[in-house]
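Here the structure comes first, spelled out in structure tokens, and everything after it is commentary.
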Number of protein chains: 2
Amino acid sequence: MEENNNNTNNDFLRGLSREERAEIMKCGTAVDLKRGAVLFRQGEPATRTFLVLEGRLKLAKLHEEGKEFLVRYIGPGELTSMIAVLQNREYPVTATAVGATLVAGWDRKRMMELMSEYPELTFNMLHHALERLEELQSRYLELHAEQVEQRVARSLLRIMRQSGRKSGDEIVIDFPISRQELADYTGTTLYTVSRTLSAWEKKGWVRSQSGRIIIVDPHALVLFSEKI
Amino acid sequence: MEENNNNTNNDFLRGLSREERAEIMKCGTAVDLKRGAVLFRQGEPATRTFLVLEGRLKLAKLHEEGKEFLVRYIGPGELTSMIAVLQNREYPVTATAVGATLVAGWDRKRMMELMSEYPELTFNMLHHALERLEELQSRYLELHAEQVEQRVARSLLRIMRQSGRKSGDEIVIDFPISRQELADYTGTTLYTVSRTLSAWEKKGWVRSQSGRIIIVDPHALVLFSEKI
DNA sequence: GTGAATCTTTGCGCCGGCGCAAAGACAGGA
DNA sequence: TCCTGTCTTTGCGCCGGCGCAAAGATTCAC
């Protein structure tokens with residue numbers, strides 16, 4: 001199947017020697033976040049770029065009056081708020097710690113210096129940005145072209161690939177996601193997600209356990225998500 | 001109002017001297033496209049990155065069986081298919097010339113050399129990719145949170161800002177966009193777009209003329225697109 | 001200028017999925 | 001242990017907007 005959790009520290013720092021990595025990390029400020037803590041909020045002036053070291057951040061974008069779009073979950077080795085480096089702008093999303101999370105932050109000036117000293121950094125950032133762009137384009141297309149249930153399946157699979165952990169035959173998404181969050185990720189409502197997961201639970205495709213979602217039959221889900 | 005057509009050659013080559021620009025351009029291959037010609041097709045192996053010099057490209061992503069997502073129109077100074085540089089992948093979209101269009105192309109190897117010789121290039125590409133990411137995130141959110149008519153308004157305004165030309169009090173989108181294309185851009189159907197534009201035409205907000213859309217009252221459209 | 005091909009408009013019926021409401025399940029605190 | 005707050009499930013009704021169909025408008029080739 002897919003590789004799980006293999007973003008181990010090589011996204012942003014790929015291609016750099018151990019010494020260079022140490023040098024870069026030394027310039028950063030560590031930030032420790034408790035479960036649910038907000039690292040930055042959409043609309044605040046963007047001053048720092050962050051790298052996740054341990055744990056997981058949830059990036060979400062708000063719409064006027066309520067609705068929310070869950071952009072993605074990011075884990076160790078992934079960078080967020082690159083926009084802060086390039087121009088004086090506002091954070092485009094809100095970043096919340098899913099569990100206890102450790103991040104490193106660099107301010108604009110420092111990051112600019114690092115980027116000109118280590119061109120690999122810029123390159124890695126570009127690489128990452130392009131991957132995300134591709135993913136978002138696909139999600140946009142799916143949002144318009146596919147039925148909700150199919151999209152819920154794709155969402156679960158995406159999250160599973162990024163943050164799944166094998167446990168016997170099953171795959172556990174080992175942080176709690178509420179129905180509401182899955183709905184915000186998929187672009188639907190918590191009611192629809194609930195109904196969908198209930199149906200799949202009856203079919204034996206997934207299981208819920210203490211707030212965590214367990215994918216019992218990934219293959220069935222993949223087939224379902226790709227059926228035309 | 002917004003600036004129109006001011007992407008004049010400074011997106012990708014920003015921060016470089018006239019000589020450096022000339023040097024970079026010399027390495028590229030010019031490609032001349034007639035109206036409707038396809039520069040590259042989604043799914044083909046991505047070998048070259050292109051810069052639009054004159055005219056306009058339409059970037060669209062296909063879904064199995066019919067549906068299409070019009071990602072964006074790009075004009076002079078804008079780069080497409082950066083993905084080709086970074087990894088051996090497939091083109092994620094299809095690029096079609098809207099009118100007669102002139103582009104410059106660089107292959108992977110050449111572009112890599114240029115990027116390490118002129119770090120500004122990588123930086124400019126990153127900048128551009130991040131802007132597009134932000135825009136797409138907003139569009140995704142809108143697609144789920146807003147009513148169709150509102151989204152059609154936003155689409156028209158976006159295209160207007162990127163490719164509008166003032167003509168008296170009105171703003172002309174000076175290349176032909178069909179109802180189908182506007183629907184693909186917005187994430188709806190040509191029927192709905194047609195109905196919506198008809199209604200706005202009666203209100204005197206827009207006008208259609210020989211395949212071109214003319215925005216008569218941009219302010220009304222802006223208000224409508226932002227109403228909660 | 002005429003005919004063919006393409007694009008646009010509009011009437012009409014239907015349905016996916018949204019969202020209220022109310023009940024049920026679960027977790028955490030004292 | 002019970003109580004309180006939060007999350008989840010499910011029944012039910014409603015409606016935005018999709019999509020067929022057919023007519024009308026416009027463009028293009030020759």
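Basis for what follows: all heavy atoms, side chains included, without hydrogens, waters or symmetry-related copies. On a predicted model such as this, the values are computed, not experimentally measured, just so you know.
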Between T189(B) and dC18(D), is there a side-chain N or O to OP1/OP2 distance below 4.0 Å?
yes
Whole Å only: how far is the NE2 atom of H144(A) from the P atom of dG17(D)?
11 Å
Find the distance E149(B):CD to dC18(D):P and express it as a whole number of Å.
11 Å
To the nearest angstrom, the NZ-C1' distance between K67(B) and dG17(D) comes to 11 Å
Taking the cut-offs as 6.0 angstrom to the six-membered ring centre and 45 degrees off its axis, would you call R139(B) and Y185(B) a cation-pi pair?
yes
Assess the residue pair E170(A) and R165(A) against the criterion (salt bridge (charged side-chain N to carboxylate O under 4.0 Å, His left out)); give the C-alpha distance rounded to whole Å, side-chain angles, the decisive distance to 0.1 Å, and a yes or no.
CA-CA 9 Å; E170(A) 308 176 331; R165(A) 188 174 49 76; over 6 Å; no
All N/O pairs under 3.5 Å across the protein-nucleotides 28-30 of chain C interface:
none

Residue pair E142(A) / H63(B), side-chain donor-acceptor N/O under 3.5 Å:
no
The residue, G211(A) or T188(B), whose nearest nucleotide of DNA chain D is more 5′ is G211(A)
Distances for protein N/O vs nucleotides 9-13 of chain C N/O pairs under 3.5 angstrom?
unit_1, atom_1, unit_2, atom_2, d
dT9(C), OP1, R179(B), NH2, 3.2
dT9(C), OP2, R179(B), NE, 2.7
dT9(C), OP2, S194(B), OG, 2.7
dT9(C), O5', S194(B), OG, 3.2
dT10(C), OP2, S198(B), OG, 2.9
dG11(C), O6, R195(B), NH1, 3.4

Under a 3.5 Å cutoff, is there a donor and acceptor pairing between the side chains of R179(B) and S208(B)?
yes
Counting only N and O atoms by type, is there a donor-acceptor contact under 3.5 Å from the side chain of E181(B) to the main-chain atoms of S178(B)?
yes
Are E149(A) and R195(A) ion-paired here, with the side-chain N under 4.0 Å from a carboxylate O?
no
Please state how far atom CD in E146(B) lies from atom C1' in dG17(D), giving the value in whole angstrom units.
16 Å
Qualifying residue, where the test is side chain to side chain contact (heavy atoms under 4.5 Å, CB included) with V103(B) and the options are L57(B), L51(B), L53(B), T29(B)
L57(B)
Sole residue of R151(B), E146(B), R154(B) in side chain to side chain contact (heavy atoms under 4.5 Å, CB included) with S225(B)
R154(B)
Atom pair distance, as rounded to whole Å: CG in D184(B) and P in dC7(C)
12 Å
Whole-Å distance between dT6(D) C1' and E181(A) CD?
13 Å
Rounded to whole angstroms, how far apart are CD on Q209(A) and P on dC26(C)?
11 Å
Whole angstrom value for the distance that separates P of dA25(C) from CZ of R207(A):
19 Å
4.5 Å side-chain heavy-atom contact, V206(B) and W200(B)
yes
